[in-house]
Amino acid sequence: MLWKLLTSSMKKMWKDYIVLLFGLTVSIAIFYMFQTLAQNKAFLEANALIGSIVFVFHVGTFILAFVTIFYIFYATSFILSLRQKELGMYMTLGAKKGKVTQMMFFETLLIGFISLVIGLIVGVGLAEVIAGLLMKQLGFNGGGFEAFYSSSLITTVIFYAILFLLTAAVNAVKVASKSVLDLVRASQQADPVVTKGWKIFFGTLFSIILIAIGYYAMINMGTFMQVGVIVAAITVTLGTYFFFMALLPFIVKRLKSIRSLNEKGLNAFTFSQLQFRISQLTKVLGTVTMLIALGLGAMAAGLSFYHNIAIQTSMIYANDVAVYEPTEEQLAEMDSLEFLERNNYSYKVTDEGVYFLKDDLLNNPPLIQKFTGDIDQLTETARVDDPLDQAEYSDTATNEEQMISDDWSTALRNELLATFRIFGDRTLYIVNQEKFGQIESEVASVMVGRVENFLDHEDTLAAIDEHNKEIASGYTGSTPDMIGSKYDNYTSLKALANGTIFMGLFLGIAFLMMMASVLMFKLLSSASADTHRYQMLRKIGVRRSKLSASIYKELFLVFLFPSLLGFVHVIVGMEMFSIILIEPFTKIWIPVTIFLVIYVSYYLLTVQMYKRIVLPKEK
């Protein structure tokens, strides 16, 4: 009989349970996806640019677990909110409280078990698809990554099994502790809201202090290191929840107290709607804020690593391309690159040395990157201006006056790529026209140039490197693995950073998916309880368009609060990476734009789904 009642009620409210299953499934899938990285120590150590990446993932696991616990306890309490009135009716008709409590316990467990199975399947599938797409875009083989990771599977099952057992017990205890009247009238009762007094003051003060401590630790991460990561994780997470629990009800009350605002249109109804379920909103918005911070922060960090590779490379090289003995075809191709600056330098090669013509170097002095000694700007672009008064200079000269200066040496080796990779162990010389003419060797040239953005010409630069390797094999008898060019350096740094970039983007996408589903789930799960209020307003003549506008305003405020605080968390949190990145905020508009597109899309989708529930089509 117990099982019959349970299944029949679930069939009757299957639409509500689908919303619940969706929220739980996404939560489980994202937790599993995170664990596929967090527990794969071999993959993390082999593919991470940050040495302490394993420790960072341990802290991330703590934050995600904390947020997940809040979310699961709220989500499973939704089962109770759906069933309270019905359970009260069973008890009114003579059902024993023990049997009703038992039914609530098993129903929570059943929903948890179904969502766990589906969530794990979805998690493995999402990990495979997202990882595959990112690896393809990054040109990253991801050696060691596994979409199906047994250790992560076991951890996820144990973690959620314990959570579902606890929440089932909590739901059962709640049913057992309530009277029949409380259960029957549960849907008519608003959550208690504290909007004044010492609780608001001290709650807000405590939250601000916690968040300030976390921000200080993140800004000074170079000093605190791993301790700073732990302190920031704990204080910012707790501070965020306290901030919403203490301050949000007060903010809503203050908005409602502004007469000019409250009496405009249906604003009084909109603010009343927010007040009615405010205590549940605060917990969910705290969870969403942390997921925004984790998701947007991970994506911003990943893309920042990606774009900083080009910045780091440009700090070493002032020029973008150097072509030895360019062919006619290459010269024609160079004309399409729109060079900002382009120079040719003549040289001759003998068995003993490489001789560059002094007149070419003086007539068109090359640009180099010079170290400034300033931590805020490590290098600056400068043109070599050291005099060349002697007839001959070399890098092995015993006479200091004839030794190639540091700046000219940097120009030859870094910008013209005159290194052992191309010329072997030959000595470098700079000679005047007379000595250059006396050298019995054919005149060759190297073309050096700068373009607007060297990443726009990756295929061309890769082909030039291959051409230079062929030239090098003619001089040294072997083909070098690397030529030492700017593009070579860029691809090497990218190979080192690809693992870290992949992790950031992978987790960013995962957390943003969970963030959106959490907020959508909260709003849609409470929509059925709001239906009668909208129907009542329709019956007294309020236009459908006015009610629709009220829904847009109400949900906009709900979406706005966590996005603002989450964005502030990200901006401050990016300061953590200033100890390893030159410009941690470079092109941060890209992840912010991606986030806004996802967030606004979910907002509009939630509004439409909410309207379908509370404002069904009228015949």
Side-chain angles (χ1 to χ4, degrees), residues 313 315-325 343-373 378-450 465 468-489 492:
T313 307
M315 288 181 62
I316 303 171
Y317 297 88
N319 295 281
D320 300 306
V321 58
V323 190
Y324 275 88
E325 302 175 25
N343 297 306
N344 289 290
Y345 301 100
S346 301
Y347 70 94
K348 289 183 178 181
V349 181
T350 66
D351 291 339
E352 291 77 28
V354 183
Y355 301 84
F356 286 92
L357 182 60
K358 181 173 72 171
D359 292 348
D360 284 355
L361 295 172
L362 290 176
N363 290 336
N364 297 294
L367 291 169
I368 61 170
Q369 292 290 4
K370 298 181 70 172
F371 285 96
T372 62
L378 295 176
T379 64
E380 63 178 2
T381 304
R383 201 170 294 279
V384 181
D385 58 2
D386 290 353
L388 294 173
D389 299 328
Q390 303 295 320
E392 178 181 312
Y393 294 85
S394 78
D395 59 358
T396 59
T398 56
N399 184 346
E400 188 174 339
E401 291 183 353
Q402 292 183 316
M403 175 70 74
I404 296 177
S405 68
D406 290 341
D407 284 357
W408 280 114
S409 180
T410 299
L412 294 178
R413 295 184 181 280
N414 229 45
E415 306 299 335
L416 276 66
L417 307 183
T419 65
F420 69 93
R421 293 187 176 93
I422 292 182
F423 296 113
D425 58 0
R426 292 177 174 86
T427 301
L428 294 183
Y429 292 91
I430 298 176
V431 297
N432 62 13
Q433 183 66 56
E434 182 180 353
K435 286 187 174 290
F436 191 77
Q438 293 172 359
I439 299 167
E440 295 182 359
S441 179
E442 293 186 7
V443 178
S445 68
V446 54
M447 192 213 76
V448 177
R450 298 170 60 223
D465 279 359
N468 285 339
K469 287 178 183 178
E470 292 178 10
I471 298 297
S473 66
Y475 289 128
T476 64
S478 62
T479 303
D481 295 328
M482 295 180 63
I483 207 67
S485 66
K486 181 175 183 176
Y487 181 72
D488 237 352
N489 193 284
S492 298

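When a residue number appears, it is its place in the shown sequence, counting from 1.
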State the [atom1]-[atom2] distance between [X] and [Y], to the nearest 0.5 angstrom.
X: Trp408; Y: Ile368; atom1: CH2; atom2: CD1; value: 9.0 Å
X: Arg421; Y: Ile483; atom1: CZ; atom2: CD1; value: 8.0 Å
X: Asn432; Y: Leu388; atom1: CG; atom2: CG; value: 10.5 Å
X: Thr313; Y: Asp320; atom1: OG1; atom2: CG; value: 10.5 Å
X: Asp406; Y: Asp386; atom1: CG; atom2: CG; value: 8.5 Å
X: Asp359; Y: Gln433; atom1: CG; atom2: CD; value: 5.5 Å

Can you see which heavy atom on [X] is nearest to which on [Y], and at what distance?
X: Lys358; Y: Gln390; result: NZ-O, 3.0 Å
X: Lys469; Y: Thr479; result: CB-CG2, 3.9 Å
X: Asn468; Y: Ala322; result: ND2-O, 2.8 Å

Count the heavy atoms of every other residue, nucleotide or ligand shown that sit under 6.0 Å from CG of Asn399, and state whether that count exceeds 12.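 Count over threshold, so yes.
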Evaluate whether atom CG of Asp481 has more than 12 neighbouring non-hydrogen atoms of other residues, nucleotides or ligands under 6.0 angstrom away. no
I'd like to know if the side chain of [X] reaches the main chain of [Y], judged simply by a donor and an acceptor atom lying under 3.5 Å from each other, with no hydrogens or angles considered.
X: Arg383; Y: Pro365; answer: yes
X: Ser441; Y: Val349; answer: yes
X: Lys486; Y: Ile316; answer: no
X: Gln402; Y: Tyr393; answer: no
X: Lys435; Y: Glu392; answer: no
X: Asn414; Y: Thr410; answer: no
X: Asn319; Y: Leu367; answer: yes

Is there a side-chain contact between [X] and [Y] in this structure, where contact means two heavy atoms from C-beta onward sitting under 4.5 Å apart?
X: Ile430; Y: Ile404; result: yes
X: Gln438; Y: Val431; result: no
X: Thr476; Y: Ile422; result: no
X: Leu416; Y: Phe356; result: yes
X: Leu428; Y: Arg413; result: yes
X: Tyr345; Y: Leu357; result: no
X: Asp395; Y: Ser409; result: no

Short side-chain donor-acceptor distance under 3.5 Å, Glu325 and Tyr347: yes
For side chain to side chain donor-acceptor pair (under 3.5 Å), just list the numbers for Asp360 and Ser346, CA-CA rounded to whole Å, side-chain angles, deciding distance to a tenth of an Å, and then say yes or no. CA-CA 7 Å; Asp360 284 355; Ser346 301; 3.0 Å; yes
Tyr475 and Tyr324: aromatic ring centres closer than 6.0 Å? no
